Amino acid sequence: MKRFYIVGFLALMVFDTLAQISFKAAAIHASPLTMDIAWLSRVFSHPWIYGAFVGYAGAFFTWMTLLKYAPIGPAFAASHLEIISVTLLSVWLFDDSLTLTKALGGLLILVGILFLAKGEVAEVDENAEQRVP
């Protein structure tokens with residue numbers, strides 16, 4: 001089951017990251033924002049917009065599958081791992097800046113997920129010990 005969680009949350013992170021990076025690339029391509037037919041044409045003529053659709057669809061189905069089996073606390077926290085991956089890829093692909101605040105925020109997200117996962121494991125172990133006569 002542990003492998004299921006790891007693979008599942010990595011897949012969720014990949015799909016979420018694909019969606020966000022694709023939206024950014026499509027937005028850059030479609031600039032400037034004019035809210036007219038020409039702008040919509042620019043948006044839908046760029047292949048990255050379809051990457052965003054694939055990313056959101058994949059994330060939705062992955063998330064629904066994970067929620068069926070994973071404890072909600074750690075699952076919800078781990079679903080935010082894409083914040084870290086999107087930030088790092090944006091620095092590389094879009095020349096965004098990585099500030100100390102962003103780095104500390106990413107670190108806090110990781111620490112929070114680890115604490116929630118550790119708490120969930122401890123709770124499962126405790127419940128297993130109580131059932132053994």
Side-chain angles (χ1 to χ4, degrees):
M1 196 60 136
K2 187 176 182 179
R3 182 177 297 185
F4 170 79
Y5 292 148
I6 292 169
V7 170
F9 286 113
L10 284 175
L12 181 63
M13 184 176 69
V14 166
F15 282 126
D16 277 336
T17 302
L18 173 64
Q20 297 302 319
I21 294 296
S22 295
F23 268 128
K24 173 89 172 185
I28 290 169
H29 174 75
S31 292
L33 174 63
T34 56
M35 297 299 276
D36 56 13
I37 297 298
W39 176 76
L40 282 174
S41 176
R42 288 191 307 271
V43 168
F44 288 104
S45 68
H46 196 272
W48 281 109
I49 194 67
Y50 302 103
F53 293 148
V54 168
Y56 271 122
F60 174 78
F61 288 110
T62 304
W63 179 240
M64 291 297 118
T65 303
L66 285 168
L67 283 180
K68 187 174 180 179
Y69 302 103
I72 190 68
F76 183 72
S79 72
H80 291 82
L81 283 171
E82 87 277 355
I83 294 170
I84 298 167
S85 60
V86 168
T87 300
L88 295 175
L89 280 173
S90 293
V91 168
W92 178 51
L93 295 172
F94 305 118
D95 205 29
D96 287 352
S97 62
L98 181 61
T99 64
L100 180 60
T101 304
K102 289 178 186 177
L104 288 174
L107 183 63
L108 288 173
I109 289 170
L110 288 175
V111 168
I113 291 168
L114 291 174
F115 280 148
L116 282 170
K118 185 174 172 66
E120 197 65 39
V121 168
E123 187 176 308
V124 168
D125 290 344
E126 184 178 295
N127 289 338
E129 286 176 9
Q130 290 175 358
R131 282 182 266 165
V132 176

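These numbers were taken from a predicted model, which means no experiment stands behind them.
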How long is the straight-line distance from [atom2] of [Y] back to [atom1] of [X], given to the nearest 0.5 Å?
X: Glu82; Y: Ile109; atom1: CD; atom2: CD1; answer: 8.5 Å
X: Thr62; Y: Asp16; atom1: OG1; atom2: CG; answer: 8.5 Å
X: Asp96; Y: Lys102; atom1: CG; atom2: NZ; answer: 5.5 Å
X: Leu66; Y: Phe9; atom1: CG; atom2: CZ; answer: 4.5 Å
X: Leu110; Y: Ile84; atom1: CG; atom2: CD1; answer: 3.5 Å
X: Phe115; Y: Ile113; atom1: CZ; atom2: CD1; answer: 12.5 Å

Side-chain heavy atoms under 4.5 Å apart, restricted to Ile/Leu/Val/Met/Phe/Trp/Tyr: what other residues fall into the cluster of Ile21, or is it alone?
Ile28, Val86, Leu89, Trp92, Leu93, Phe94

Pairs flagged by ring pair (Phe, Tyr, Trp, His ring centres under 6.0 Å) wherever residues 16-37 is involved - sequence neighbours left out
Phe23-Tyr56, His29-His46

Connected via hydrophobic side-chain network under 4.5 Å: Val43 and Phe53:
yes

Taking Val7 as the starting point, is it possible to reach Tyr5 by hopping between hydrophobic residues whose side chains are less than 4.5 Å apart?
no

Decide yes or no on side-chain contact (heavy atoms from CB on, under 4.5 Å) for Leu33 and Met35, but give the supporting numbers first.
CA-CA 6 Å; Leu33 174 63; Met35 297 299 276; 3.7 Å; yes

Here the pair of heavy atoms bringing Ser31 nearest to Arg42 is O-NE, 3.8 Å

Considering non-hydrogen atoms only, spot the tightest contact between Ala26 and Trp48 and give its length.
N-CB, 4.0 Å

With side chains defined as the heavy atoms from C-beta onward, is the minimum distance between Leu10 and Met13 less than 4.5 Å?
yes

Tell me, yes or no, whether the heavy-atom count around Asp36 atom CG, taken from other residues, nucleotides or ligands under 6.0 Å, exceeds 12.
yes

Tyr50 atom OH, over 12 foreign heavy atoms within 6.0 Å:
yes

Can you tell me how the ring of Tyr69 sits relative to the ring of Phe4, calling it parallel under 30°, perpendicular over 60° and tilted otherwise?
perpendicular

Whether Ser22 side chain and Ala19 backbone form a donor-acceptor pair below 3.5 Å
no

Between Phe15 and Leu12, does a side-chain contact (heavy atoms from CB on, under 4.5 Å) hold up when you go through it step by step?
CA-CA 5 Å; Phe15 282 126; Leu12 181 63; 5.6 Å; no

